[in-house]
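The block underneath contains the structure these notes are about, expressed in structure tokens.
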Amino acid sequence: MVDAIYSLFGTEGPFLYLTAIVLSILAVVLPLLIAVAFAVYFDRKIWAAVQMRRGPNVVGPFGLLQSFADGLKLFLKETIIPAGANKAIFLIAPMLTFTLALISWAVIPFEARVAIADLNVGILYILAISSLGVYGIIMSGWASNSRYAFLGGLRSAAQMVSYEVSIGFVLVCVLVKVGSLNMTDIVLAQEGGIWNWHFIPYLPVYVIFFISALAETNRPPFDLPEAEAELVAGYQVEYSSMAFALFFLGEYANILLMSAVMAILFLGGWDAPLPILDFIPGWIWLLVKTAFGFWLIAMVKAFVPRYRYDQLMRLGWKVFLPLSLFFVVLYSGLKVAGVPLFS
Amino acid sequence: MDFPVEILPALAFYMFAAITVASGFLVIFAKNPVHSVLWLILAFFSAAGLFVLMGAEFLAMLLVIVYVGAVAVLFLFVVMMLDINFEELREGALDYIPIGALIGLILLAELVTLGSAWVVGEDITRNAAAPMPSVAEVHNTEAIGQILYTDYIYAFQGAGLVLLVAMIGAIVLTHRTRTGVRRQNISAQVSRRPEDAFELVNVKSGEGVSLTPGKKG
């Protein structure tokens with residue numbers, strides 16, 4: 001993507017190359033931020049529909065502009081920094097969360113080889129960045145100098161470290177079949193229609209990945225770091241205005257990222273479900289599949305009650321870890337045995 | 001000003017190197033231990049950037065996932081929970097300066113001696129245990145895998161066993177069975193049904209309900 005834009009300039013030079021990088025980043029980030037705004041709206045509408053409410057319906061047609069109004073409101077509010085807070089870290093934490101949520105998108109392929117960076121280790125990059133995501137939360141929890149925030153930060157740290165393990169094993173299951181860590185190669189391995197997609201042979205690990213992704217992004221039923229009934233709002237409790245908005249945007253950008261990763265790993269990425277539908281551009285298919293993943297995540301929020309903290313830890317370490325380890329062995333065995341769907 | 005595009009990796013190198021060194025210094029000089037750990041994380045992260053510039057992207061990602069994503073989180077976790085007055089801890093630190101400086105000098109002298117006497121053997125590439133494929137043909141994830149799981153498989157498995165023993169050791173050392181602890185029995189909790197837990201009683205107005213279960217009042 002960067003090279004394609006760079007070659008458009010005609011001439012060469014380091015400044016032009018940097019410009020090309022910035023342009024390709026903008027080409028991903030701007031639509032992403034707009035998508036985040038609509039994802040918040042989508043999420044609230046689904047939640048409302050399940051509870052037989054109307055949800056946001058005042059600002060703009062069908063309430064479509066609600067997120068923009070909320071954003072503007074947050075933008076105009078005063079930033080309050082608590083007197084006892086560690087000022088620098090308090091302000092860095094939301095920026096870190098937001099930045100990390102955006103930079104993971106660098107390796108998401110929208111078509112074959114169309115990504116900001118088509119890394120050989122793309123999936124490891126996503127794992128690495130999502131493992132960094134915990135710092136924004138733990139830093140904000142500590143810097144706020146507040147009990148609720150600190151408890152939220154600690155819960156989140158333990159939760160994200162635990163579920164990363166099972167996410168890692170699920171990735172191994174898929175990678176063993178594909179034989180590459182490159183995101184584009186993972187989609188290319190599923191090309192040719194819905195019957196080639198990974199969700200058929202890998203359904204059990206898809207479910208494990210989905211539930212772990214909920215825990216990793218602090219979504220209900222695993223939103224214990226911000227459980228309003230016990231911790232008021234957890235690590236976000238001292239934040240107001242834009243700092244809070246950055247947390248909020250980062251959270252939803254992460255949820256969209258997890259939906260996109262699920263689409264790429266299990267639902268064939270940009271690949272059309274039937275070969276006749278190939279005339280529709282690939283990025284639209286990726287968008288539809290990401291929206292499907294987001295819909296699943298939003299539905300879970302609407303009808304699953306919050307887990308208790310000890311149940312959450314038990315599920316991560318005593319259920320998902322052994323289960324995903326078992327599937328690594330199983331899928332590797334099937335690959336070595338040369339079973340068609342798995343090798 | 002007309003630079004070739006190749007200047008960008010060099011600039012990136014100097015940026016990452018400067019950040020690594022600077023944050024390394026700040027790990028030691030930061031007054032607050034939590035800040036120290038955060039600087040350490042930045043040092044790890046920029047070291048990962050240096051690995052990427054060398055073309056060792058697999059090692060870079062592992063560095064971030066293992067050290068930054070797991071080890072340093074636990075560091076931070078522990079340091080944040082410590083309830084120590086660090087000003088007090090610092091008071092006697094000046095007494096250790098002579099011995100610290102001595103150790104530093106010895107290390108420096110050793111490194112200088114080593115550095116000046118270092119000669120790379122002429123046939124070093126032929127002596128390597130495994131032939132090195134060119135970087136263009138095999139990218140480094142594959143290269144590491146090919147070496148680790150073939151030539152060094154016993155060393156690799158041995159390292160795994162050592163880690164397993166260390167893990168079991170840590171569990172055995174810290175695990176103790178305490179009496180009188182209430183534990184959650186998840187399967188009993190999950191298998192509870194509404195019928196076992198409550199009953200619906202039709203209360204007529206003016207009459208109460210007996211609290212003894214099973215008897216209507």
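Only this structure's heavy atoms are used, side chains among them; waters, hydrogens and symmetry mates stay out. All chains are named by letter (A, B, ...) in the order of the sequence lines, taking the proteins before the strands, and each is independently numbered beginning at 1.
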Under 4.5 Å from any heavy atom of chain B - which part of [X]:
| X | result |
| --- | --- |
| A/Tyr17 | side chain |
| A/Ile129 | neither |
| A/Leu124 | both |

Quiz item: Rounded to the nearest 0.5 Å, how far apart are CD1 of B/Ile19 and OG of B/Ser46?
Solution: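 Output value for this atom pair is 5.5 Å.
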
Would you mind checking which part of [X] comes under 4.5 Å of any heavy atom in chain A, side chain (CB onward), backbone (N, CA, C, O), both or neither?
| X | answer |
| --- | --- |
| B/Ile41 | side chain |
| B/Val34 | side chain |
| B/Leu63 | neither |
| B/Ala72 | both |

Self-check item: Contacts of type side-chain contact (heavy atoms from CB on, under 4.5 Å), residue B/Ile144, not counting sequence neighbours
Solution: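 Once residues adjacent in sequence are excluded, the partners of B/Ile144 under the side-chain contact (heavy atoms from CB on, under 4.5 Å) criterion are B/Phe58, B/Leu59, B/Leu148.
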
Around [X], counting heavy atoms of other residues, nucleotides and ligands shown, do more than 12 lie under 6.0 Å from its [atom1]?
| X | atom1 | answer |
| --- | --- | --- |
| A/Phe150 | CZ | yes |
| A/Trp105 | CH2 | yes |
| A/Tyr309 | OH | yes |

Practice problem: Heavy atoms only: give me the nearest A/Thr184-A/Pro109 pair and the separation to one decimal. | Solution: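 Looks like OG1-CB, 3.6 Å.
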
Quiz item: Considering all heavy atoms of both residues, which atom of A/Val176 and which atom of A/Lys335 are nearest to each other, and what is their separation?
Solution: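 Scanning both residues, the minimum pair turns out to be O-NZ, 3.2 Å.
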
Quiz item: Does some side-chain heavy atom of A/Arg155 sit less than 4.5 Å from a side-chain heavy atom of A/Leu312?
Solution: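 Not in contact.
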
Quiz item: Considering heavy atoms only, which positions within residues 88-97 of chain A lie below 4.5 Å of chain B?
Solution: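 So the qualifying residues are A/Ile89.
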
Self-check item: Sole residue of A/Ser324, A/Ser166, A/Ser162 in side chain to side chain contact (heavy atoms under 4.5 Å, CB included) with A/Ser212
Solution: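 Of A/Ser324, A/Ser166, A/Ser162, side chain to side chain contact (heavy atoms under 4.5 Å, CB included) with A/Ser212 is met by A/Ser166 alone.
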
